[in-house]
Amino acid sequence: MQTVLPWSSPEDHEMDRRQFLKDSLATASMALLASRRITAASTLPNPVAAPPEETNAARFPKDFLWGMATASYQVEGAWNEDGKGESNWDRFTHTVGKIKGAATGDQACDSYHRYKEDIAILKRLNQKSHRFSIAWSRIQATGTGPANQKGLDHYKGLADALLEAGIRPFVTLYHWDLPQGLEDRGGWPNRDLAGYFADYAGILAKHLGDRIQVWAPFNMPWAFTYFGYGIGIHPPGKADYNLFLKAAHTVNLAQGEAFRAMKAASSRATVGSAYGMAPAYPKTDSEADRAATARYDAMNNYYFLHTAMRGEYPKAFVGETPYEAMGFKSGDDKIMRVPLDWIGFHYYTRRIISDAGGADAGGQGNFGTEIEVDQAGGRDRYTRFHAVMPTEGPLTDAGLEVWPRGIYDLVMKVTRDYKRPIIEITESGCSYLDTPYEKENDRVPDARRTAFFRTHLAELARAIADGAHVRAYHAWSLLDNFEWSDGYSQRYGLTYVDFRDQKRTVKDSGLWYGRAAAANRVDVE
Ligand code: FCB
């Protein structure tokens, strides 16, 4: 069922998807000339409005960094080699009944052994930045104690190979794989983890800080705390909103502590973020829906950003912030406050928000990278909003709506709200299941993915033309890989991976992305 947006005409609701795609492609071959100045609008503009006409070939600034991203558990494999300890994801995937297809990351893309081959692909595709994550359990097997030299050596080798290829290494410290030893101590709801995380961050900055200067402490902190402790679809599989509140607070403290530990250990360290964000639009113009949208923004988009930038929780709750349930102690505001050097976030899709009120808001869940499970009467008693992913745009094979305009709105909102910070798009991408085609020499003709990147990058170029300071864009992902609860049933790669023999084939979209990177514009064939 389609969401009815009160401000759009009936024709909009009947919008032919092919027409949508055509329009999106038309936008993609263009970018903006007019350098409209940033306005101080407080809410996002109408998402179904026609894109502006004053467009031209979408060009990027000359030092713009084209990149691709991966994450340790999703690509590395070698789950128990060279002194690596067990992680929460090892434990979860080894538990029967948790993951589609009984998939595990035991081997994944085997990138632990094949990273040179992978970096050769990045180089061939003219990439200038590679975002990857470090597996904490390779550095400290159980999450505390001295560093494992073999683990450090592995990442030194990876960073060196990137630098040699002229590619900037961008490291996420934590992309969801927690040493199981720390889960056994209570996981993120245990506030001691903030200190352990800072120790780990300090080790990395000390040993790798000569090669790596761009660090993001956490990937999508809202997602792993909410999925893991709030609704239990990720490890450790707990479903208790109060545990989520505590876990999220520890992560906010950990972000602050890690920021300081890294700066102390490496004077060249710059520390930012890799948050998951979705532009949020109110379902109606009512006061209640607008307020609910502001709560969504605060909880799902800014809960870890505002705390860092301003040292206080954004207003995510109906009524008072539940400090006690979070385990908030006096002085925590000072620990959390670390003005980030740059702001990194992902964009996949958008949300339409309504107020869940006191009544049963209905049980539509969301899909994909940001699953939200509604309970009767609204999502939870604290935030009481109802978030829906609309389906006016075409859906990817993962069921996410393709809505290029969203990246523009999101970038402009962050630009306005945080006074034109340096922005890095840390992930953006789509799953389509195209495979190598024998009759065409085993190419992977994945035109829908090319269209996705073309249209999103055109919208990004438009945001830059309108004054946003965007430094980099990382496509998710370099490789098809282990997609969390979906196992290997989704393919986000610009490179196809045959998991039977680990053969890599750059998809047509990857080749296109490489040409676009070389040209520094998106109107390339
Ligand atoms: C993001 C995750 C990433 C990958 C993509 C599809 O939410 O950060 O690991 O799973 O979604």
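Atoms considered below: every heavy atom in the structure, side chains included; atoms not considered: hydrogens, waters and symmetry mates. Both counts, for ligands and for their atoms, begin at 1 and track the order of listing.
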TODO: Output the list of atoms in ligand 1 that are nearer than 4.0 Å to some heavy atom of W476, sorted by atom number.
DONE: 3 (C), 4 (C), 5 (C), 6 (C), 9 (O)

Task: Lys NZ or Arg CZ of R295 over F385 ring: under 6.0 Å, within 45° - done: no

- [ ] Please confirm whether H175 comes within less than 3.5 Å of ligand 1 when only nitrogen or oxygen atoms on both sides are compared.
- [x] yes

Task: Flag side-chain contact, heavy atom, 4.5 Å: T426 against Y275 - done: no

TODO: Please state whether Q490 comes within less than 4.0 angstrom of ligand 1, counting heavy atoms only.
DONE: no

Task: Contacting atoms of ligand 1, where contact means under 4.0 angstrom from a heavy atom of M220 - done: 1 (C), 2 (C), 7 (O), 8 (O)

- [ ] Find all atoms of ligand 1 within a distance of less than 4.0 Å from any non-hydrogen atom belonging to E483, and give their numbers and elements.
- [x] 4 (C), 6 (C), 10 (O)

Open item on the list: Below the 3.5 angstrom mark, is there an N/O of Q74, backbone or side chain, next to an N/O of ligand 1?
Closed with: yes

TODO: Establish, from distance only, whether the side-chain atoms of Y226 and N300 form a donor-acceptor pair under 3.5 Å.
DONE: no

Open item on the list: Considering F227, Y492, Y348 one by one, which has a heavy atom nearer to atom 5 (C) of ligand 1 than any of the others?
Closed with: Y348

- [ ] Would you mind reporting whether P179 and T142 have side-chain heavy atoms less than 4.5 Å apart?
- [x] no

Task: Reported CG-to-OH distance for the pair N126 and Y513, which is rounded to 0.5 angstrom - done: 11.0 Å

TODO: Compare all side-chain heavy atoms of D82 with those of R138 and state whether any distance is below 4.5 angstrom.
DONE: no

Task: Residue selection (non-hydrogen contact nearest atom 8 (O) of ligand 1) among L400, N481, N219, T70 - done: N219

TODO: Would you check if T93 and K98 make a side-chain contact, meaning some heavy-atom pair closer than 4.5 Å?
DONE: no

Open item on the list: Give the atom numbers and elements of ligand 1 that come within less than 4.0 Å of a heavy atom of W484.
Closed with: 3 (C), 4 (C), 9 (O), 10 (O)

